[in-house]
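Worksheet for the structure shown next.
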Amino acid sequence: MNRRQFIQSTLLSAAAVSVTGTFSSAKETPGGAASAARNIPKIAIEEHWGNPMLGKISAAYARTAGIPESMEDGVLKAAIPRLGDFEKFRLPDMDKAGIAMQVIATGSPGIQGITDAAEAVRLAKNINDAQAQILARYPGRFAAFAALPLQDPAAAAGELERAVTTLGFRGAMVHGHSQGEYLDAKKFRPVWERFAALGVPLYLHIGHPLSDQIKVYAGYPELLSATWSWGVEAATHALRMIMGGVFDDFPEATLILGHMGEMLPYVLRRIDEGYAMAKKANPLKKKPSDYIRENVMITTSGWYSPATMRCAVDAMGSDRVLFATDYPFRALEEAVHLVEACDLSQEEKEKIYHKNARRLLGLKAQTPAARKDADRVVG
């Protein structure tokens, strides 16, 4: 069995378990950070799940897109079986790490991996309905970002509205380009218009570069994925939106970037400098960094250093940073420890852990103690 077959088969077997964590093998975090921060409610907003349908999409996309293998089997073996599990690992590990709520969404490539537009529309509805069932099964513990069939912009706008107004979702997650098309294109303006009208954000998750752009990584599969290509792809996509005037057209729209902002917070002045010197295809109303600070929010998903976190907060402001873990590819307690290890004030931590998510997504999350008290009353 090759790795792609392994990915598909493990997703199928994982979802056969009850639509049920954090890695049970994860090491305890130094200093008991999760315990020290336990009474602060935590809302984690880049948390992935999978089912057999998504496993088939991922396997087919890997075959047709010519994506070379870039991730070690050990990572996949630890993470993929947990994508479809909610009860055996996920909820107990959320409780152990003091995480009150996860905002769930599919992983890459999701609906963006489908070639046929009509099929993308049909499967997006099925995936969103499946997510809604998870929310109903575990009330108060999960919220969701919708999958969008951007292969058909009009249908994507309609599905976003259905997901938000009927299913109660809090926005949408898009996994990079949709069959080579990026969200700065004029054809996607109706989708942005719907995001702005509904007052919900678009989370731009990582995706693989186009097959004709992979040559630069030839001979170095370690550069494809989290090491470099994913961040470069997501950051470039975000800059295309800015340079394409999306936020001039929709100044109230919000874009979320994971993994500490996909490198953008650390080069804001350099971006402004380059833009000032460059010939402009579409002159902007403001500096590029203004849009990043005003229309973009970033999350703590992935692994980073305390210095990185401090730099991001200084660059963006603590009101623009959201807590996320990148589950199940990172351990939940480890994600909490990374926040606790940073030089942050109590107010900054409160904003990052839950206040910013409450404000942006309209979420409510109880502390573990309050939730137990409520459970006793109900019982």
Side-chain angles (χ1 to χ4, degrees), residues 14-15 17-24 26 34-35 37-51 54 79 81-107 127-147 163-164 166-173 200-201 203 256 299-301 322-336 339 350 352-379:
V17 183
S18 61
V19 172
T20 64
T22 310
F23 303 3
S24 56
S35 177
R38 181 161 298 279
N39 285 328
I40 303 176
K42 300 171 191 65
I43 301 172
I45 78 161
E46 188 194 311
E47 320 305 311
H48 305 296
W49 72 282
N51 65 10
L54 288 162
R82 289 166 168 79
L83 282 169
D85 171 84
F86 278 73
E87 293 176 355
K88 183 178 180 180
F89 295 109
R90 188 183 299 245
L91 282 165
D93 287 334
M94 286 170 62
D95 291 340
K96 186 177 180 182
I99 294 175
M101 179 181 288
Q102 286 186 339
V103 183
I104 59 172
T106 71
I127 288 168
N128 291 332
D129 287 342
Q131 284 195 153
Q133 291 175 8
I134 295 169
L135 270 56
R137 189 171 295 139
Y138 308 106
R141 301 309 305 273
F142 300 99
F145 288 129
V164 172
T166 302
L167 303 181
F169 290 6
R170 306 300 170 143
M173 181 176 284
V200 296
Y203 198 129
I256 304 175
T299 79
T300 67
S301 60
L322 300 149
F323 179 66
T325 74
D326 211 351
Y327 179 88
F329 301 101
R330 292 243 62 90
L332 300 184
E333 284 190 287
E334 183 180 69
V336 174
V339 176
E350 291 267 4
I352 292 166
Y353 275 138
H354 69 100
K355 287 183 177 179
N356 293 338
R358 292 174 187 268
R359 170 174 52 84
L360 178 66
L361 305 178
L363 294 172
K364 298 179 180 179
Q366 294 179 319
T367 64
R371 192 165 59 249
K372 288 179 181 178
D373 289 341
D375 290 343
R376 282 196 292 270
V377 171
V378 172

Looking at [X] and [Y], what are the two nearest heavy atoms and their distance?
X: Glu333; Y: Ala97; value: CG-CB, 3.7 Å
X: Pro328; Y: Arg82; value: CB-CB, 4.0 Å
X: Ser301; Y: Tyr203; value: OG-OH, 3.9 Å
X: Ala324; Y: Ala335; value: O-CB, 4.4 Å
X: Ile127; Y: Ala147; value: CG2-CB, 4.2 Å
X: Leu135; Y: Ala144; value: CD1-CB, 3.9 Å

Subject >> Cation-pi, Phe323 ring and Lys42 (6.0 angstrom, 45 degrees) >> reply: no
Could you tell me the separation between the [atom1] atom of [X] and the [atom2] atom of [Y], rounded to the nearest 0.5 Å?
X: Ile45; Y: Leu322; atom1: CD1; atom2: CG; result: 4.0 Å
X: Leu360; Y: Ile256; atom1: CG; atom2: CD1; result: 5.0 Å
X: Glu334; Y: Asp326; atom1: CD; atom2: CG; result: 11.0 Å
X: Ile104; Y: Trp49; atom1: CD1; atom2: CH2; result: 6.5 Å
X: Gln133; Y: Asn51; atom1: CD; atom2: CG; result: 10.0 Å
X: Gln131; Y: Phe145; atom1: CD; atom2: CZ; result: 10.0 Å

side-chain hydrogen bond (donor to acceptor under 3.5 Å, both in side chains) against [X], all qualifying residues, sequence neighbours excluded:
X: Glu350; answer: His354
X: Asn128; answer: Glu159
X: Thr106; answer: His175

Would you call [X] and [Y] a side-chain contact if the rule is heavy atoms closer than 4.5 Å?
X: Phe142; Y: Leu91; result: yes
X: Pro41; Y: Arg358; result: yes
X: Tyr353; Y: Val336; result: yes
X: Glu47; Y: Val103; result: no

**OP:** Without swapping roles, check the side chain of Arg170 against the backbone of Leu361 for a donor-acceptor pair under 3.5 Å.
**Re:** yes
**OP:** Please check if the side chain of Arg141 supplies one atom and the backbone of Ala100 the other of a donor-acceptor pair under 3.5 Å.
**Re:** yes
**OP:** Using a strict 4.0 Å threshold on nitrogen-to-oxygen distance, state whether Asp95 and Arg90 make a salt bridge.
**Re:** no
Subject >> Check: Thr325/Glu46 side-chain N/O donor and acceptor closer than 3.5 Å >> reply: no
Subject >> Steps toward side-chain contact (heavy atoms from CB on, under 4.5 Å) verdict (Leu363, Met101) >> reply: CA-CA 9 Å; Leu363 294 172; Met101 179 181 288; 3.9 Å; yes
